[in-house]
Amino acid sequence: MRLLVRFMGFLFAAGTVVFLVGVGAVAGLIWHFSKDLPDYSQLQDYEPPVMTRVHAVDGSLVGEYAKERRLYLPIQAVPKLVINAFLAAEDKNFYEHGGIDYTGMARAGLVYIQNYGSNRRPQGASTITQQVAKNFLLTNEVSFARKIKEALLAMRIEKTYSKDKILELYLNEIYLGLGAYGIAAASLVYFDKSVNELTVAEASYLAALPKMPATLHPVRNRDRAIERRNYVVDRLLENGWIKQADADKARKEPLAVTSRSNGAHTFAGEYFAEEVRRDIFERYGEKKLYEGGLSVRTTLNPKIQVMARKAMVTGLVNYDEQQGYRGAISKLDISGDWGVKLAEIKSLSDISPWRMAVVLETSDQSARIGFQPSRELGGAVSKQRETGIITVDGVKWARAAQGGTKGKTPTAVSQVLQPGDVIYADPLYKDGQPVEGQYRLRQIPEVSGAMVAMDPWTGRVLAMVGGFSFDQSQFNRATQAYRQPGSSFKPIVYSAALDNGYTPSTVVLDAPIEIDQGQGAGVWRPENFSSGKFQGPVTLRNALRQSLNTVTVRLAQDIGMPLIGEYARRFGVYDELPNYLSYALGAGETTAMRMVTAYSMLANGGRRVKPTLIDRIQDRYGRTIFKHDQRECRGCDAPGGWKNQAEPQLIDRREQVLDSMTAYQITELLEGVVQAGTATVLKDVGKPIAGKTGTTNEAKDAWFVGFSPDIAVAVYMGYDKPRPLGRGNAATGGHLAAPIVRDFLKLALADKPAVPFKVPAGIKLVRVVSKTGMRAGPGETGGTILEAFKPGTAPPDNYSVIGVADAEGRMPVSQQQPDSGFLMRPGTGGLW
């Protein structure tokens, strides 16, 4: 008995020693690993990389920019269903344990023993808190050391932060595949929904992803993904978080994924979105753009943007088709599965409803075409094959382009298309309705151009088209293409004259003129578009209406190119204009954005406007860090509420770059260009429109820039590598660019009343003879107009010609001086 007692005492002593040694060893391990633990207090101020989101004026999404697609969602905004799904999949005892789930560890070990050798996935034992510790503070190294540190950090995190805070960090940090970080981004990427719209099946699928997002790909591994999703559904039911009916329905629901694009989300807004991205990058840098979680409210009006793109594309395509058909994009062997082969050819993704197709068979009457199949989320080519028919009506335009000439109009489809031709086609319309199953041949235009629509009062860009297709070329011709504006620059010259003493009735001689360019450059003889035809004395109004070059040169010669250069700088057309008279005819290079900004200042009464694509930028906390509108609002802050105080006032301190009366005079002259000048096609709009056409030398660029009281528009058309657009009237701004603006404004102003341009205080409207500019006699109405005059000026009653000129109105080159010309003195009737 005594031996037994001794033995038991020995065992107790030995056990105590082993226990103490074990405790000491554990304490030593804890001390060892604790001394190198990361600082977990940084979680309190954690700011994860969050995507920047760009919105249009109506709140619709324009674009998203991020390296990690993440939207940070406070735990209060996460639906209970989503929370329960993730707890069921990852840590059902989350709200009970202190960072380590010992019960879960034991259960996982038991399951592992039971399933040993079955190749079934082991059940995880890491808690959500441990995953937070690993994801935020540790690496993915597989080792006991990392697991010990993870457990120690988890326990410390639990003592420092609330359960909701830990869960919030977890749900916003985890990677869920397809570039999505956090549940908010994943919900959009996989299902194009907010988390509040997710079904039980969808929430369960997202909750299944954290452990193995690549393995559970919804297309490549659909069966495995559904199996794991249903496992989460079963856990939700087992925990009593959903009803049996909900579980049954969720298990039967197909795994339907709606992929969300990484590009611009507003149709036709790609050029605009990219311009905004560059702007933000230049303002704040790469990190702020891709990780700062900025909320950007832009000036883009999606409805106007679609109208602008439709008008611009139609204009480019119509011109291009008039040049003839250049042939198929490429040839394809159509034996076997033509769909897989066609899917390998790069097609433009932003030119809907155009679709790439291959010609399968042809006859004189028709051709059968097969459309390019779509690709599924995993990259596999869809098995669906869609076909259609192109009849003779669909190829009538396709006369062969033969070295600048065009062949005969085709009478049979087989004259144009052959089997294996890769082409573009879109639905064929008759009487405004699509013909079922029939399509029209299309070709990508070689010519390009740009359009910008702006609010002339604020400089807010409402729409921007930078070319035919952003997918084809990301070069934004609206802001990056420097082109000669031609005669569309003339209103700046005339504004300088009207602002310095001249009137719309000032008479200038339209006659041949020779300019000695000096330094051996020879003599320059500017000509009007109708070469060899001159009208003699003409008013400024009629000269601008008919875009007479010799008149503009004489005007520029008289007032001086330095003054015109100053006005060009004020209007933002050029930063520095050389003192050569040819630049008065638009020989310098500028952009469509600069031109529409300049015309906006004419439209708004001469106030400076700064073009902007952005109204407001807010940081991730909702603080405004940029605002375009810098006007002061006096009385907008009303502490204590409304107490019958005076109405708030907006104080506009913008610079007056042009006298408001001058701005109205030039507007009236430009309205005459539309009513009876080079842009009469715009009369079809049926609203007050003012503007000017422009055609450069050899017709390499065609322009129209103009405005209504509420919208300004600039359009140019030209080849990226400049070459003539054609000959004669068919290649002018009035024939090519103005119709594009007409079609756009018909849509944009359809619901707007026909409001006339506002007459500023001080302007006197006097009836004059339109041809001579002289005051109309009593009762004289035929051939007269109301002309705008400033105080102190009036139309002449008569004028006389003075000056030295030959019989044709030309001065000898040797006698010409920089200030010479043939102009009527302001306020007099004499030519000088």
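Starting from 1, each residue takes its place in the sequence as its number.
Side-chain contact of Glu64 with Thr52: a donor-acceptor pair under 3.5 Å is absent, judged by distance alone. Asp333 and Ser335 are linked by a side-chain donor-acceptor pair at a separation below 3.5 angstrom, with hydrogens and angles left out of the test. Tyr290 and Arg277 are linked by a side-chain donor-acceptor pair at a separation below 3.5 angstrom, with hydrogens and angles left out of the test.
With Tyr181 as the aromatic partner, Arg69 does not meet the cation-pi criteria of under 6.0 angstrom to the ring centre and within 45 degrees of the ring axis. Annotation: cation-pi pair Lys310/Phe744 absent, no NZ/CZ under 6.0 Å from the ring centroid and within 45° of its normal. Geometrically, Arg235 engages Tyr231 in a cation-pi contact defined by less than 6.0 Å to the ring centre and at most 45° from the axis. For the pair Arg229 and Tyr205, the NZ or CZ position fails the cation-pi test of under 6.0 Å to the six-membered ring centre and within 45 degrees of the ring normal.
Among pairs with a residue in residues 173-191, those fulfilling salt bridge (charged side-chain N to carboxylate O under 4.0 Å, His left out) read Arg70-Glu173, at least two apart in sequence or across chains.
By the 4.0 Å N-to-carboxylate-O rule, Asp337 lies too far from Lys341 to be salt-bridged with it. Using a 4.0 Å cut-off between charged side-chain N and carboxylate O, Asp426 and Arg440 make no salt bridge.
Of the inter-residue distances, the one linking Asn230 atom CG with Ser204 atom OG reads 8.0 Å to the nearest 0.5 angstrom. Here the OG-CG distance, from Ser60 to Leu300, works out to 7.0 Å after rounding to the nearest 0.5 Å.
When the salt bridge (Lys or Arg N to Asp or Glu O under 4.0 Å) test is applied to Glu253, no partner is found at least two apart in sequence or on another chain.
Just one residue in the list Asn301, Thr298, Val62 forms a side-chain contact (heavy atoms from CB on, under 4.5 Å) with Val57, and that residue is Asn301. Screening Arg228, Arg224, Arg222 against Ile226 for a side-chain contact (heavy atoms from CB on, under 4.5 Å) leaves a single residue, Arg222.
Using a 4.5 Å cut-off on side-chain heavy atoms (C-beta onward), Phe191 and Thr199 make no contact. Contact of the Tyr65 side chain with the Val54 side chain is registered, since non-hydrogen atoms from C-beta on lie closer than 4.5 Å.
Without hydrogens or angle criteria, Glu197 side chain to Asp192 main chain gives no donor-acceptor distance under 3.5 Å. In this structure, the side chain of Glu274 does not engage the main chain of Tyr271 through any donor-acceptor pair within 3.5 Å.
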Subject >> Audit row: Thr612, Thr299, side-chain contact (heavy atoms from CB on, under 4.5 Å) steps and yes/no >> reply: CA-CA 8 Å; Thr612 183; Thr299 62; 4.2 Å; yes
